Amino acid sequence: QVQLVESGGGLVQAGGSLRLSCAASGRTFSSYAMGWFRQAPGKEREFVAAIAWSGSSTDFADSVKGRFTISRNNAKNTVYLQMNSLKPEDTAVYYCAADRSGLGSKWPVSYDYWGQGTQVTVSS
């Protein structure tokens, strides 16, 4: 019932910023927790950030705390990932995901729907 489409990826120099967007279809978007994950070549998919259905609670991976911000606009059926002070280590395909429980999690298995991903490349 939910389709997710990411956008906003691209090539940026270290220290720069990007804002990723994830547009969701479906009438029940506001009841889903949303998460961002990333996967670099040869590595497992890793948690980046999550936001509860209410938007009142968020969680971040230690590697991005203080640099990334997750937010959502339920009226627009969209979740955002603002990425500042980007590092080459942030280079990966970034995926958004939806969790029907509404709680959010740092574990990929907890999510029910996934987008196709958007490439983020940070040059040194």
Side-chain angles (χ1 to χ4, degrees):
Q1 295 182 348
V2 175
Q3 295 182 354
L4 307 174
V5 180
E6 302 96 337
S7 62
L11 176 65
V12 64
Q13 289 187 324
S17 298
L18 284 174
R19 189 185 73 160
L20 305 184
S21 298
C22 177
S25 64
R27 292 171 291 178
T28 60
F29 170 80
S30 62
S31 68
Y32 287 67
M34 300 295 295
W36 285 97
F37 294 79
R38 65 189 183 187
Q39 188 166 26
K43 296 184 178 180
E44 295 183 342
R45 187 167 299 186
E46 67 172 338
F47 170 76
V48 176
I51 185 167
W53 68 268
S54 66
S56 61
S57 63
T58 59
D59 192 22
F60 298 91
D62 289 342
S63 60
V64 305
K65 285 182 179 178
R67 299 189 297 122
F68 290 11
T69 300
I70 187 170
S71 62
R72 67 191 298 164
N73 187 328
N74 290 342
K76 297 182 178 180
N77 290 339
T78 302
V79 63
Y80 306 95
L81 184 69
Q82 178 66 47
M83 305 184 295
N84 299 323
S85 301
L86 283 163
K87 305 175 181 179
E89 306 93 89
D90 296 316
T91 296
V93 177
Y94 283 70
Y95 301 88
C96 67
D99 171 14
R100 291 180 295 179
S101 76
L103 300 177
S105 171
K106 60 179 65 177
W107 311 115
V109 71
S110 298
Y111 290 82
D112 303 286
Y113 304 98
W114 293 83
Q116 292 296 113
T118 185
Q119 177 71 48
V120 172
T121 302
V122 184
S123 65
S124 60

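Scope of the values below: all heavy atoms of this structure, side chains included, with no hydrogens, waters or symmetry mates. In this text, all values refer to a predicted model and were calculated from it rather than measured experimentally.
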> So, taking the atom named OG1 in Thr121 and the one named CG in Asp90, what distance separates them when rounded to the nearest 0.5 Å?
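That separation rounds to 11.0 Å.
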
> Looking only at atom types and distance, does a side-chain atom of Thr91 sit under 3.5 Å from a main-chain N or O of Val122, one as donor and one as acceptor?
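Indeed, once roles are kept as given, a pair shorter than 3.5 Å links the two residues.
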
> Taking the basic N atoms (NZ, or NE/NH1/NH2) and the acidic carboxylate oxygens, is any pair closer than 4.0 Å for Lys65 and Asp62?
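Looking at Asp62 together with Lys65, the answer is yes, because their closest N to O distance falls below 4.0 Å.
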
> Would Val64 end up clustered with Val79 when hydrophobic side chains under 4.5 Å apart are linked, directly or stepwise?
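Val64 clusters together with Val79.
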
> May I ask you to test the Thr118-Val93 pair for a side-chain heavy-atom distance under 4.5 Å?
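Sidechains of Val93 and Thr118: no contact.
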
> Answer yes or no: does atom CD of Gln3 have more than 12 heavy-atom neighbours from other residues, nucleotides or ligands under 6.0 Å?
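No.
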
> Students often mix this up, so state it plainly: with edges at 30° and 60°, are the rings of Phe47 and Phe37 parallel, tilted or perpendicular?
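Ring orientation of Phe47 relative to Phe37: perpendicular.
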
> Counting only heavy atoms from other residues, nucleotides and ligands, does the tally under 6.0 Å from CZ of Arg67 exceed 12?
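Check passes, neighbour count above 12.
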
> Say whether Leu81 and Tyr113 are linked into one hydrophobic cluster, either directly or through other cluster members, by side-chain heavy-atom distances under 4.5 angstrom.
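In one cluster: yes.
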
> Are the side chains of Gln82 and Phe68 in contact, using a 4.5 Å heavy-atom criterion?
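Heavy-atom side-chain distance check fails, nothing below 4.5 Å.
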
> If you count the non-hydrogen atoms of other residues, nucleotides and ligands that lie under 6.0 Å from CD in Gln116, is the total more than 12?
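No.
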
> Evaluate the ring planes of Tyr95 and Trp114, with Trp represented by its six-membered ring, and classify them as parallel (under 30°), tilted (30 to 60°) or perpendicular (over 60°).
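The rings of Tyr95 and Trp114 stand perpendicular, inter-plane angle above 60°.
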
> Quick one, Met34 and Cys22 - any side-chain contact, counting heavy atoms below 4.5 Å?
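Side-chain contact under 4.5 Å: yes.
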
> If you measure from CD1 on Ile51 to CG on Asp59, what distance do you get to the nearest 0.5 Å?
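That separation rounds to 11.0 Å.
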
> At what distance, to the nearest 0.5 angstrom, does OG of Ser124 lie from NZ of Lys87?
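Ser124 atom OG to Lys87 atom NZ measures 14.0 Å (nearest 0.5 Å).
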
> Determine whether Met83 and Val120 make a side-chain contact, defined as any pair of heavy atoms from C-beta on separated by less than 4.5 Å.
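A side-chain contact under 4.5 Å exists here.
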
> So, Glu6 side chain and Leu20 main chain: donor-acceptor pair closer than 3.5 Å or not?
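Not at all, since once roles are kept as given, no pair shorter than 3.5 Å links the two residues.
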
> Please determine whether residues Leu86 and Phe60 belong to a single hydrophobic cluster, defined as Ile, Leu, Val, Met, Phe, Trp and Tyr linked transitively by side-chain heavy-atom distances below 4.5 Å.
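Yes, because Leu86 and Phe60 connect within a single hydrophobic cluster, where side-chain heavy atoms sit under 4.5 Å apart.
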
> Among Lys106, Arg38, Gln39, find the residue that satisfies the side-chain hydrogen bond (donor to acceptor under 3.5 Å, both in side chains) test when tested with Glu46.
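By the side-chain hydrogen bond (donor to acceptor under 3.5 Å, both in side chains) criterion, Glu46 pairs with just one of Lys106, Arg38, Gln39: Arg38.
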
